[in-house]
Amino acid sequence: ESIPLSNVNGVRVGDNIYYNPKSASKDTMIHEVAAHGWINEAVKRATITGVEGPVTVEQILNASDESLNDAGKLLKQGLQLIEGTDYEQELYGNTFYSSMSKANILEEALAQAIGEHGVKTKTDLLQRLKEWLMKFVPFMQNNKGKFIEGKVDPNMSMGDYLNGVM
């Protein structure tokens with residue numbers, strides 16, 4: 001089966017994930033692996049009172065809150081949060097997504113937002129870690145013991161650092 005990647009960064013088909021190396025961004029793998037994985041798991045765990053068997057995203061979105069279990073309620077809240085945002089609107093303009101139902105568009109938009117949040121969280125953590133290292137490394141340089149000999153370059157890779165120390 002041919003996957004048209006010209007209009008998308010990545011796509012999940014069953015257990016396979018395809019990405020477009022020309023347009024994939026930092027959030028593509030978080031979006032495809034984690035976000036879609038979590039959303040798919042929430043759909044699997046969701047139940048609606050009076051509905052037998054597996055439910056769909058569309059059914060979850062249209063169900064009353066009282067009829068949903070916790071997984072269904074949480075997923076519905078996420079879909080409603082993303083409704084009306086730029087994430088949703090941008091997908092309607094993309095031919096790859098334009099034929100999807102509103103519920104599936106919202107699911108994709110939610111996955112996009114989760115992916116971008118994952119990158120931001122990682123970037124924020126890396127920035128905080130870098131700030132900490134800029135304090136920690138000079139401290140260790142000024143308080144070196146028998147395990148650290150000589151100057152440590154704060155821009156040095158961890159591998160180079162460990163090779164020089166051990």
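This one's a predicted model, so the numbers in the text were calculated from it and none came from an experiment.
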Report summary line: Shortest non-hydrogen pair, Ala42 vs Ala71, comes out as O-CB, 3.8 Å

Query raised in the report: With the 4.5 Å side-chain cut-off for hydrophobic clustering, are Trp38 and Leu61 part of the same group?
Result: yes

**Report entry** Reference residue Ile105; test side-chain contact (heavy atoms from CB on, under 4.5 Å); the match among Leu91, Asn94, Leu79
**Finding:** Leu91

Report task. Please report the shortest heavy-atom distance between Ala46 and Val55, naming the atom on each side. Result -> O-CG2, 3.6 Å

Query raised in the report: Quick one: do Val43 and Ile82 end up in the same hydrophobic cluster if we chain Ile, Leu, Val, Met, Phe, Trp and Tyr together by side-chain heavy atoms under 4.5 Å apart?
Result: yes

Query raised in the report: Taking all non-hydrogen atoms of both residues, which atom of Val57 and which atom of Ala103 are closest, and how far apart?
Result: CG1-O, 3.7 Å

Requested in this report: Output yes when a side-chain donor or acceptor of Glu88 lies under 3.5 Å from a complementary backbone atom of Gly84, and no otherwise.
Outcome: yes

Requested in this report: Taking atom CD of Gln127 as the centre, report whether more than 12 heavy atoms of other residues, nucleotides or ligands fall under 6.0 Å from it.
Outcome: yes

Report task. Report whether Leu81 and Leu110 are members of the same hydrophobic cluster (ILVMFWY, side-chain heavy atoms less than 4.5 Å apart, transitive linking). Result -> no

Query raised in the report: Do the side chains of Leu75 and Val51 join up, straight or via other hydrophobic residues, at under 4.5 Å, putting them in one cluster?
Result: yes

Query - Result of checking Lys73, Gln77, Lys76 against Asp65 for side-chain hydrogen bond (donor to acceptor under 3.5 Å, both in side chains) - result: Lys76

Report summary line: Rounded to the nearest 0.5 Å, the OH atom of Tyr97 sits from the CD atom of Glu107 at a distance of 11.0 Å

Report summary line: Shortest non-hydrogen pair, Leu68 vs Ile60, comes out as CD1-O, 3.9 Å

Query raised in the report: Above 12 or not: heavy atoms from other molecules or residues under 6.0 Å from CG of Asp70?
Result: no

Query - Polar contact flag, side-chain donor to acceptor under 3.5 angstrom, Gln112-Glu108 - result: no

